[in-house]
Amino acid sequence: MENLENFKKAPETSSGGQSEISEKQDFLINNISYSQLRTFLTNSGEWQNNRLLGKYDNKVGVSGAVGTVLHTFVEQYLKFGGLEKAIEKAFSTIYNAENGLTYIVPISEIKNLENEIKTYKNNSEKVKNIKKSFDSGVANLFGVRAVDFGKTGSNEKLIKDVKTGVEAFLSENIDYGEVLEVEFAMETEVFEKLGGKTFVKSPVPFKAVTDEICRTTSTKTIMVDGAPEILDPGVLFLEDTKFKSSHSDMNAEDPKYIFQAFFNYYCVLNHFGEAPKYMIFREIKTSKNKDGSSQHQTITIPFFGKTFEEYKIYFWRYILESFERIKFIQERDFLFNIFDVYNGAQEWEKQKAYYLDVEVGQLKSRIAQTSKNRFSQNVPLMGDRDPLLKNAKNIGKDVEVEDLFSVENKIRNAFRNFGVLVNFEKKVEGYSFDQYLFSTARGITMGKVKMHLPEIIQALEVEKGIRIEAPVLGTKFIGVEIPREERRFAKLKKVTKSEKRPILPIGVGINGEIESIDLSDADSPHLIVAGQTGSGKSIFLESAIESLKDKGKLHLIDPKRVGLMNYKKIAESYDTLAQEVIVRLVYLLSEMNLVYDKLEEFGYKDIYEANQNLKGKNRFVSHFILIDELASITHDPDLGKEIMGQIGQLVNLGRAAGFHVILATQRPDIKVIPGNIKANISTRVCFSLATKVDSKVVIDEEGAEQLLGKGDMLFMNRGVKRLQGFYI
Ligand SMILES: Nc1ncnc2c1ncn2[C@@H]1O[C@H](COP(=O)(O)OP(=O)(O)OP(=O)(O)O)[C@@H](O)[C@H]1O
Ligand SMILES: [Mg+2]
């Protein structure tokens, strides 16, 4: 019980609700018994043979054969009572294949079988099958099994052992009470509530064959944990009988008994609608003790009490974890337990068959897969040390051996150093950067990833341009953006003239998608553009002019007299000085008020709704006010205050009247853009900025300090996205 603490917290498969319980999981198998579970865990190759391929070993050793025969004896004895009949039945098992009974034949007598089976002539199909099964050596037809006597065994010894086994069984007057069932096979889905709250369900139905299901008819004394316990009449209990040539060290805390008991417990509980109280494991030694002492040894597992509840947690935890492995192994190789290889030639033959019976093509892809998996698990392979990989190189070009120093491996190592296990998924090539997508290993939360981002970025030793999204918007991947050695730029594509709405393309995303905003949309009527010198603000304004020039009147405010000069001719107005700007804005605000008057008169919500009903000259016109370098016209405190007041009004009321403001500035701080204006413009284009703090001022998160200039931007509009701005 020493490790029980570790198992106390059972995994939760479902928190309640019947609907969740019925959720189906796909496993290779559709039920599981104790012995199958044991085979899976100790020898998955054998498990594959038995459970998936239906191949069983057709040979048993002498003690196995004796056990089978004695089980038949006990079954017959308890079912029908007559001792002689039972003995006869048991012995006939050795030679008779009848009613599907186990048919055990000593190997030395296989030749005699030819004569033997002549008696079954009337069923030629059956005879053929029996013969075939021996020929092929993979017999499981009609339960036919051959006894492998090895060097010392013989038919005489087998018969003698069965005789002493029967005597040993009878040497104790076992009080079975009322025997309800013998060798009873059950299969059932199992639900359990652990500790009264955690709901667990058997991944597939449990299966068990209980030797004896009994009810006490009078008081019965049993030994539990070394102390006698007296059972009243009417107690349901289970018996399991094992015949052995010598006693084993039986211990009630041995998980192998506990686990077997649990499979029996749940199956009986569900089939009888009543929980059994005890399971007694009885070991019967087939050879006599010299001092005449009992040949029986028992241990008892009680199905109640504190220890039982603890075992339950242990058991379920183990079952659920085992099924995680069964699920996992579906994509892998089933490995034989090589330490059992020399248990018999049979075993060795099986293993060879399994590993040699693979097509070369399959082998190639399997090796490729193996090497890929190794890399994704970050196991460095050192040239000659891994013959598998070396072979893989030789096999052919369809095997890709990844470069340990590839960007993706470097990234993965950087994450790993901070305890974040990630797997490379794919690389997407963008304009200014490539995006490397990673999935996280089980149990790694995005919170943990985020916690280490600054260190990880530093560890990657990329001078600039790196950014990590955890997760990438709308996915479960981590996106690592690494600057490209050769940048690509994005040329502006014309928005079609027939498009009436004021659509403004912003830039191109990593997957080549064009992000645009609709200025008539209530979510994005205005825009702030921020970025340090040379980052791309003026170019962005130029692309905006190109996109909007046919959609309304342009009012350009260009204090630096360079950026927008070229567009003077096509613009409705062009101003450079603060005083001019004030006059212009006074005019625009009065125009805006006129528009409001008209909208009110005709009962329209906004000009975009009105224009759907109006034609020609009656249509309302949009006004786009583009301001390059806001700070240059607002540094005079008085004029600045006046201008910011006017812009504030435009921003607050402009949209419905079709007045849209695009504000560009190098410095994004509160002195340049007052809080009330900033709060009303949630759509923002952020080019490269000097510091993380600046980045936070504009887009509420870090990252702009890593941007590469020349149109590399973070666009904020319901989330933040990295785009490449257009040039024209
Ligand atoms: N989208 C883009 N595609 C390609 N090159 C660009 C892009 N944007 C900017 N550039 C390059 O960067 C240079 C500087 O851009 P821009 O003049 O727009 O910077 P700015 O932010 O206005 O700087 P300042 O604050 O000094 O006016 C441009 O001359 C151009 O060469
Ligand atoms: Mg500029």
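In listed order, ligands and their atoms are each counted from 1.
- Comparing G534, A664, G711 against atom 13 (C) of ligand 1, the shortest heavy-atom distance belongs to G534.
- Residue contact check: Q666 has heavy atoms under 4.0 Å from atoms 24 (P), 25 (O), 26 (O) of ligand 1.
- When the heavy atoms of V508, T665, V529, I539 are ranked by distance to atom 29 (O) of ligand 1, first place goes to I539.
- Residue Q532 places a heavy atom less than 4.0 Å from ligand 1.
- Heavy atoms of other residues, nucleotides or ligands lying less than 6.0 angstrom from NZ of K549 number more than 12.
- Close approach of ligand 1 to G536 is summarised as follows: ligand atoms under 4.0 Å from at least one heavy atom of the residue are 8 (N), 9 (C), 15 (O), 16 (P), 18 (O), 19 (O), 20 (P), 21 (O).
- Considering backbone and side-chain N/O atoms, F489 never comes within less than 3.5 Å of an N/O atom of ligand 1.
- Between F424 and Y436, the two ring planes are tilted [angle within 30° to 60°].
- Between the choices K537, M713, Q724, K560, the shortest heavy-atom distance to atom 20 (P) of ligand 1 belongs to K537.
- Atoms of ligand 1 found under 4.0 Å from any heavy atom of F726 (numbered from 1 in listed order, with element): 1 (N).
- In terms of protein heavy-atom proximity, atom 17 (O) of ligand 1 is closest to S538 CB, 3.8 Å.
- In this structure, S439 OG and N423 CG are separated by 4.5 Å, a value rounded to the nearest 0.5 Å.
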